Amino acid sequence: MKTNEHNKKAQQLDVHSTSNENEKLTTNQGLKINNNQDSLKAGERGPSLLEDFILREKITHFDHERIPERVVHARGSGAHGVFKLTKSLAAYTKAKFLTELGKETPVFVRFSTVAGSKGSTDLARDVRGFAIKFYTDEGNYDLVANNMPVFFIQDAIKFPDLVHAVKPEPDNEIPQAASAHDTFWDFISLMPESMHMIMWLMSDRAIPRSLRMMEGFGVHSFKFINEEGKVHFVKFHFKPKLGVHSVAWNEAQIISGVDSDFHKRDLWEAIESGDYPEWDFGVQLIPEEDEHKFDFDLLDPTKLVPEEEVPVEIVGTLTLNKNPDNFFAETEQVAFHPGHIIPGIDFTNDPLLQGRLFSYTDTQLSRLGSPNFHEIPINRSLNTVHNNQRDGHMRQQIVKGKTSYEPNSIGGGCPFQAMMSEGGFASQQERVSGVKIRERSKSFVDHYSQAKLFYNSQSTPEKMHLQNALIFELSKVTRPEIRERLVGQLAYIDTSLAWKVAEKLGAEVKKLEWPNQSLPADSNIVELQSEEREPDTKVSDALSMKHTVKDTIKTRKIGFILANGVDGGAVSDLKTKLEAEGAKVELIAPSLAPVKTNDGTDLIPKYSLTNTASVCFDALFICSGADSVKELMISENKHHVLHFINEAYKHCKAIYFGTDTQAVYHHSNVSAKKHDDPGIVTWEDGNPADKFINAIAKHRVWDLEMERNA
Ligand code: HDD
């Protein structure tokens, strides 16, 4: 774990941290407690006494331990880290943490699923939150981002409808952490603007292999303003150094049972073991005068800016290097808000962003219970707060002096307003005029072209996964008219996709009839909405996970399946090679008893064949050694071993069969493999370790998925 020496936020948190090591137990009043085992009673077998203030204090505090979970993004995992600027953006913004080359800014990041409750599975098909609090010298800057670059809706007024539709249905509170139900698809099928986001949500991006292997996107266009007042539109990107990877949907469902904390655990363990997750931070910059040069509106949050049109410039690195000391105090109480900005960054008129600017402070009031939530240590800025806001529940700051108003003379006029040259924030002076109108801009009325761009940019296996995801989700919808309406939407994106999904649902592909309910009563945009358009950019490589990093096995978990008599030399050779490349090797044996190698050494397995599953590993090595194989194939173990291998095979993972493992190989489904499956390595291969390492780095052999599952 990183020391706090250079991290100003960590030093600030230290002031509020305690440890119970070697300390005596006390009440909340600091009184030492002599007996924490028994309540105070009238006689040994008598009733407890009201006088027992120790019992009352303990029970009362316990009774009030819970706070409301977040209304969305309830389930989360957090970590501390640092943002380092590698290229100055001084030409575009005056935000100091983005202009001083090499500057390191402490951060706290919280990842989350959106729909599920706090205790739900990590592997739900869902968007992932990627919220970052930068503790800058100019105040807190929050980038409350997601792992997908677009959103379901264009206007914040639809957010409660969206969330009500995806959350468990109100009558029976079913299903938990799942979008595969009637109300979600009812809403979506009536909201054409959601179709681009639906493509992302049905893609493998919604079932990440790890929180460390996801991209982050600011979604909205924001504004950068430099010292001269020049404005650029900006889109924010985080690209994971390990590449973007996902699991198979069938795997996600199994992980939800085997280890529903899979992502939380993975993040925690990576940081504990010094494998600090890292992202390149990049920006897409668009001069203010180019605002209208695109075939979409930059203010529309259902659109991305294709990287082919505006490249992402990498300007910094985000590294997570310290786990929280206390989940509740830090990860649960952290309060993000897109409205926490600093000089040099400003909002755009994106109507989704504008609504968010109201929602986040408001929700903290009911979640954290007081307008003083900024005083909770994790939320404090590095700068001391000076203002005339006072009192409220749980106020902690003791502000000296007589005045709490401004202007004042009694307090010498303090605290003073800051000039812009002193870091005082001033909103961009944007010329705005218009009639008061409750209407959607016509420039927002194109709902399918970027959905097409996304779909057309996917590799063949990715398209297949997306199609299967739609079939899975819609097959859980009980009302045929909803399925049919959604298929009608798909027809505007890709007719063959619509036909394939329809076929599996027993639905018909019918052209949608406009208008629909998602339009205002007096809408005059019906014609525009049904108009089919092609995007300027037809295919974007950046949208497919296929084109992200595939040359490292760093932090990948490799399961070694072994039993007594295993070839100790082969185990240690391969382990050394894999670990040299940064992978993690874990031993899986029939039981947790030590395994004797052929040279008499004891190996301690971390797992048994029955307390874990193949879905928890990235690749498998069936260890060399005739005796080991013999034990693995006795009737008690055989079923488990073969299930392990067959499941990994089905999920397109790399599997290496060591020397003497023919018996296992021939009983498994792998024996029917295509001769040139690059994910399978056997005793017959030359340079097997290198071949195995290569295969793991590719993540999965998705191209052979059909064949492996045939
Ligand atoms: Fe939101 C939480 C991201 C639209 C209202 N949102 C929340 C979190 C993330 C996002 C990552 C979790 C923060 C944390 O870890 O504590 N939200 C987004 C993105 C959006 C978006 C990327 C669209 C581009 N959100 C959005 C809208 C509204 C909200 C349109 C309301 C008008 N979001 C909230 C909220 C939450 C929240 C209800 C719940 C807990 C919280 O704020 O602190 O206020």
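Order of appearance sets the numbers: ligands from 1, and atoms from 1 within every ligand. Counting begins at 1 with the first residue of the sequence. As the structure is a computational prediction, the values presented were derived from the model and not from experiment.
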When you compare ligand 1 with Arg70, is there at least one nitrogen or oxygen pair between them that comes in under 3.5 angstrom? yes

What I want to know is whether Gln364 and ligand 1 share at least one N or O pair that is separated by under 3.5 angstrom. yes

Non-hydrogen atom of Phe217 closer than 4.0 Å to ligand 1: no

Looking at ligand 1, does His337 have a heavy atom less than 4.0 Å from it? no

Give me the residue, atom name and distance of the protein heavy atom closest to [atom].
| atom | answer |
| --- | --- |
| atom 41 (C) of ligand 1 | Thr363 CG2, 3.4 Å |
| atom 38 (C) of ligand 1 | Val71 CG1, 3.3 Å |
| atom 22 (C) of ligand 1 | Asn146 ND2, 3.2 Å |
| atom 11 (C) of ligand 1 | Ala145 O, 3.2 Å |
| atom 15 (O) of ligand 1 | Arg110 NH1, 2.7 Å |
| atom 23 (C) of ligand 1 | Phe151 CD1, 3.4 Å |

Hey, can you tell me if Tyr492 and Tyr448 have their rings parallel, tilted or perpendicular (30° and 60° cut-offs)? parallel

Taking side-chain hydrogen bond (donor to acceptor under 3.5 Å, both in side chains) as the definition, give me every residue that meets it alongside Asp142, ordered by chain and number, with sequence neighbours left out. Lys133, His340

Going by the atom numbers of ligand 1, which of them fall below 4.0 Å from some non-hydrogen atom of [X]?
| X | result |
| --- | --- |
| Phe336 | 13 (C), 14 (C), 15 (O), 16 (O) |
| Phe130 | 11 (C) |
| Leu352 | 23 (C), 24 (C), 30 (C) |

Does Ser443 reach the main-chain N or O of Asp297 with its side chain, forming a donor-acceptor pair under 3.5 Å? no

Could you tell me whether the side chain of His196 and the main chain of Thr302 form a donor-acceptor pair under 3.5 Å? yes

Is it the case that atom [atom1] in [X] sees more than 12 heavy atoms from other parts of the structure closer than 6.0 Å?
| X | atom1 | result |
| --- | --- | --- |
| Ile157 | CD1 | no |
| Glu430 | CD | yes |
| His16 | NE2 | yes |

What's within reach of atom 1 (Fe) of ligand 1, meaning protein N/O/S atoms under 2.8 Å? Tyr360 OH

Qualifying residues under ring-ring contact (aromatic ring centres under 6.0 Å, His included), relative to Phe236, sequence neighbours excluded: Phe222, Phe224, Phe281

With Phe134, which residues qualify under ring-ring contact (aromatic ring centres under 6.0 Å, His included), at least two apart? Phe83, Phe97, Tyr141

Run through Glu309, Gln450, Glu308 and flag the one making a side-chain hydrogen bond (donor to acceptor under 3.5 Å, both in side chains) with Thr537. Glu309

Between Arg75 and Asp261, does at least one N-O distance fall below 4.0 Å, as a salt bridge requires? yes

